**Q** 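Here it is, the structure in full.
One is the number of the first residue; the rest follow in order along the sequence. Note that the coordinates shown come from a computational prediction; the quantities given were computed from them, not determined experimentally.
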Amino acid sequence: MSLLPALVAILSGTLLTYLYDEDAPLHARLCAGACVGLAALGLIGFIIASFIGLTPLSLTLSTLVTAAPLALLRQSAWRTRVRFDLAAGLRWLRRALTRPTRQTTWPFVLFTFAAVLFWFIFDRAFFTQAGQLFTGVENNLGDLPFHLGIITGFARGANFPPQHPEFAGARLTYPFIVDFIAALFVRGGASLTAALFWENFTLALALTVLLYRYAWQLTRARAAAFLSVALTFLSGGLGWVAFGREWFDGGRAIFDLLARLPHMYTITPGGVYRWGNAITTLLVPQRALLLGLPLALIVITQWWQAIAEGEEGKREKGEKEEGRKRGKGEKGKRGRDKRQKHATDTPPSLFPSFPFSLFPRASNDAPLRRMLGAGFIAGLLPLVHAHTFVVLMIVGAGLALLFRRWRLWYSFFWTASMLALPQMWWATRASAVHASSFFEWTFGWDRGQQDVLWFWFKNTGLFIPLLVAALFWRRREAVVPQRLLLFYLPFTLCFIIANVAKVSPYLWDNIKVLFYWYVASTPLVALLLVRLWRMGRKAWREINVLAGLLPRVAAVLLFVTLMLAGALDVWRVASATEEQREFDAGGIAFAALVERETPPGSLILIAPTYNHPVFLTGRRALLGYGGHLWSQGIKYEQREAEVRRIYAGAPAADVLLRQYGVDYIVVGPLERAAEPVNENYFTRFEQVGNAGGYSLYKIARP
């Protein structure tokens, strides 16, 4: 039952791709469909659950509504097109396995390697061992319990309308759709670990394919697309230098050191390295980005194709006009004959067909369909990943000024706004978030006292110098064509804004904007590396072996230096070197007691720590971890002081308990470690139960 809504969402999302991306290959359709379908399932399910709760009925209704696009298969044209694409996809897979070529081998190797890698990564992101819950990703230690609190709040705590799991009474404005999707799976019968693993694994595979297609569309070079994916996932800086010192100075064999890497190499507590790695510091702990990034890539790819098709359409129209004037009808006839000859290789058209038969202009205008589809997908983002939505709106505005096809851009922004504005209104209405904490002038991102140029060189290595070289290379033929250069320029705003202003209470969270500059830049750097490699091949043939070898060696060494630090951090997770305990057996037993003895929606007083067992129950906490609340712009200091007074049994404790409407109090190891606890004060309350060293007390109501 838990897999059925996901399967329906993926199939529905895949069918929707035919409305805006008619020429996409099957694997790209499936991956785009997975992301769009799951996002739609999350939003539809949340709306329905807000009225009737997250029940089997709401789960069924959400699945049925999400399945609506499957009705398109009632039309024979749609069934024929789907069968055509399935056959084409099977032929491609058969060729990749039986008659491999460069066109099929490298993508197949990339996707297979990504599947194996992400299986190991997400298997370690959240797992059970010896009756305890662990994470094998160090950066996930604090984030994971917060996401679990959101998921269990929806699935087990009847948290509708959603309140913040760590600050009861405040609206949950953190983008939560990716967690709500996991809650749907949990409500359907999946365990917490299984729900997170399969959702994460599916989205990561989809992201791999969409990254590859995005880079290939921009560069039209398969090698550059391959390198772009590797540079994105294995991002890092010069942390590999520290690894080299440890190897040379530590007297350990390199394989012994690799077997037990002592720390991370892309982000360090001391502030020298802050960039981190895309997988270990972003995609695993920042779960919302795992859905927001692939949706953004779909939008950006549709922008690029709409712009390219629009320019080609204008050029073809001009050529036809000129041909008619010069009487070159034979050329057009030969073109028609050639198209008829290869008609069996051309997929059947779906247009004009439902629903574009209702919109004649869209049925004959592929760029317009792409922009409408991009607008729809962008409109899903405010509750999926708000930073991604803001980035797309800013970059889209810049592109609209550079590529002035106003009708297309109006269609995009209008469609996106119709979907996004209600979500933004809902999320910001009566919010406890202080908007002023999100904006402040600062320079150099999270550099601390380091020189800004030296900071960026250490954190991204040679990436920025290579990017500059790619942009300004004009020897014989430019590395970056003019149209691609113009398309790239608005993405530099992500780098500029994040380096001059704080766009989140926690300065490091500017990475949510910075990373889009990096993703947009990787195809350009990859093009430069491919150019160096091809220069070596040409020189090898025309001059001598040494002259051809040097550019190739340089390309390989540059590529290795760009990804080595990130590869070390990813390997550290995949090799099970690191594990951090989130919840011990006693805490899990206590969570089961709380879930059994308290009704959903109960308000519980706990120690303000990041990994309290109550987060496994879906019950609301009066106050959770201050670091989470501060990073989300919530002022919690007064409540923290009052929680401290309650645990100390101060004279105002009873008044405060009534004021906040606390239903239960927990006294256990975490409370005693965090606060001075007056044990005598709690003897006046009924002890509901005790497990794992934790006691649960019920507050009697007059």
Side-chain angles (χ1 to χ4, degrees), residues 28 102-111 113-114 117 207-237 240 266 275 277-279 293-294 296-297 300-301 303-305 308 459-492 494-495 514-538 551-567 570:
R102 281 185 299 179
Q103 287 74 22
T104 59
T105 299
W106 285 113
F108 184 78
V109 169
L110 172 66
F111 304 149
F113 179 80
L117 174 64
L207 174 59
T208 304
V209 174
L210 294 171
L211 265 172
Y212 180 86
R213 186 174 189 237
Y214 152 78
W216 184 78
Q217 287 288 346
L218 265 61
T219 63
R220 288 294 170 173
R222 297 185 187 278
F226 182 91
L227 295 181
S228 181
V229 174
L231 291 173
T232 300
F233 284 145
L234 300 179
S235 59
W240 54 267
T266 63
W275 182 249
N277 168 258
I279 294 175
L293 177 57
L297 288 172
I300 296 167
T301 303
W303 284 347
W304 172 259
Q305 291 181 278
N459 277 270
T460 59
L462 292 169
F463 186 85
I464 294 179
L466 290 174
L467 174 62
V468 173
L471 292 173
F472 289 96
W473 183 297
R474 290 296 181 268
R475 181 184 175 186
R476 294 185 182 177
E477 182 183 356
V479 170
V480 181
Q482 183 179 4
R483 186 171 67 193
L484 178 56
L485 174 61
L486 289 175
F487 190 81
Y488 169 75
L489 285 179
F491 288 93
T492 61
C494 298
F495 184 83
L514 276 166
F515 192 61
Y516 279 99
W517 158 78
Y518 182 81
V519 171
S521 303
T522 54
L524 279 59
V525 173
L527 277 174
L528 179 64
L529 296 177
V530 171
R531 175 65 62 86
L532 288 174
W533 180 267
R534 290 174 177 171
M535 283 175 56
R537 182 175 59 186
K538 185 175 182 180
R552 288 193 164 194
V553 171
V556 172
L557 289 178
L558 289 170
F559 177 65
V560 170
T561 61
L562 290 173
M563 70 171 208
L564 184 55
V570 171

**Q** For a quick test of reading the model, state the closest non-hydrogen atom pair linking Q217 to T301 and the distance between them.
**A** CG-CG2, 3.9 Å
**Q** So, T219 side chain and P523 main chain: donor-acceptor pair closer than 3.5 Å or not?
**A** no
**Q** Nearest 0.5 Å, please: how far is OH in Y518 from CZ in F463?
**A** 5.0 Å
**Q** Quick check: does any side chain N or O of W240 sit under 3.5 Å from a backbone N or O of T561, one acting as donor and the other as acceptor?
**A** yes
**Q** Can you tell me how far the CG atom of L227 sits from the CH2 atom of W106, to the nearest 0.5 Å?
**A** 9.5 Å
**Q** Spell out, as yes or no, whether a donor-acceptor pair under 3.5 Å connects the side chain of N277 to the backbone of F233.
**A** yes
**Q** Per the salt bridge (Lys or Arg N to Asp or Glu O under 4.0 Å) rule, what does the pair list look like for residues 207-221, sequence neighbours excluded?
**A** D21-R213
**Q** Are more than 12 heavy atoms from other residues, nucleotides or ligands located less than 6.0 Å from atom CH2 of W473?
**A** yes
**Q** Could you check whether any side-chain N or O of R222 sits under 3.5 Å from a backbone N or O of T104, counting only pairs where one atom can act as donor and the other as acceptor?
**A** no
**Q** Among T492, L471, L467, whose side chain to side chain contact (heavy atoms under 4.5 Å, CB included) with S521 holds?
**A** L467
**Q** Which atoms form the tightest heavy-atom contact between A224 and V530, and what is the distance?
**A** N-CG2, 3.7 Å
**Q** Would a 4.5 Å heavy-atom cut-off, applied to side chains only, mark I279 and L117 as touching?
**A** yes
**Q** Locate the shortest heavy-atom distance separating L234 from A567; write the atom from each residue and the value.
**A** CD2-CA, 4.0 Å
**Q** If you look at every heavy atom in A555 and L532, which pair is closest and at what distance?
**A** CB-CB, 4.0 Å
**Q** Heavy atoms, side chains only, cut-off 4.5 Å: are L529 and W533 in contact?
**A** no
**Q** I'd like to know whether R483 forms a side chain to side chain contact (heavy atoms under 4.5 Å, CB included) with W304, so could you lay out the CA-CA distance, the side-chain angles of the two residues, the decisive distance to 0.1 Å, and finally the verdict.
**A** CA-CA 10 Å; R483 186 171 67 193; W304 172 259; 3.7 Å; yes
**Q** Would you call the rings of W517 and F495 parallel, tilted or perpendicular if under 30° counts as parallel and over 60° as perpendicular?
**A** tilted
**Q** Hey, what's the ring geometry for F487 with F491, parallel, tilted or perpendicular (30° and 60° as the breaks)?
**A** tilted
**Q** If you take all heavy atoms of A526 and L231, which pair is closest and at what distance?
**A** N-CD1, 4.4 Å
**Q** Mind checking whether L514 and W275 have side chains closer than 4.5 Å, heavy atoms only?
**A** yes
**Q** Kindly indicate, with the supporting measurements, whether the criterion side chain to side chain contact (heavy atoms under 4.5 Å, CB included) is fulfilled by L562 and L466.
**A** CA-CA 10 Å; L562 290 173; L466 290 174; 3.8 Å; yes
**Q** Could you walk me through whether Y516 and L293 satisfy the side chain to side chain contact (heavy atoms under 4.5 Å, CB included) test, starting with their C-alpha distance in whole Å, then the side-chain angles of each, then the deciding distance to 0.1 Å, before giving a yes or no?
**A** CA-CA 9 Å; Y516 279 99; L293 177 57; 3.6 Å; yes
**Q** At their closest point, which heavy atom of V519 faces which heavy atom of Y214, and how far apart are they?
**A** O-OH, 3.6 Å
**Q** Given side chain to side chain contact (heavy atoms under 4.5 Å, CB included), test L524 with L484 step by step and report yes or no.
**A** CA-CA 9 Å; L524 279 59; L484 178 56; 4.2 Å; yes
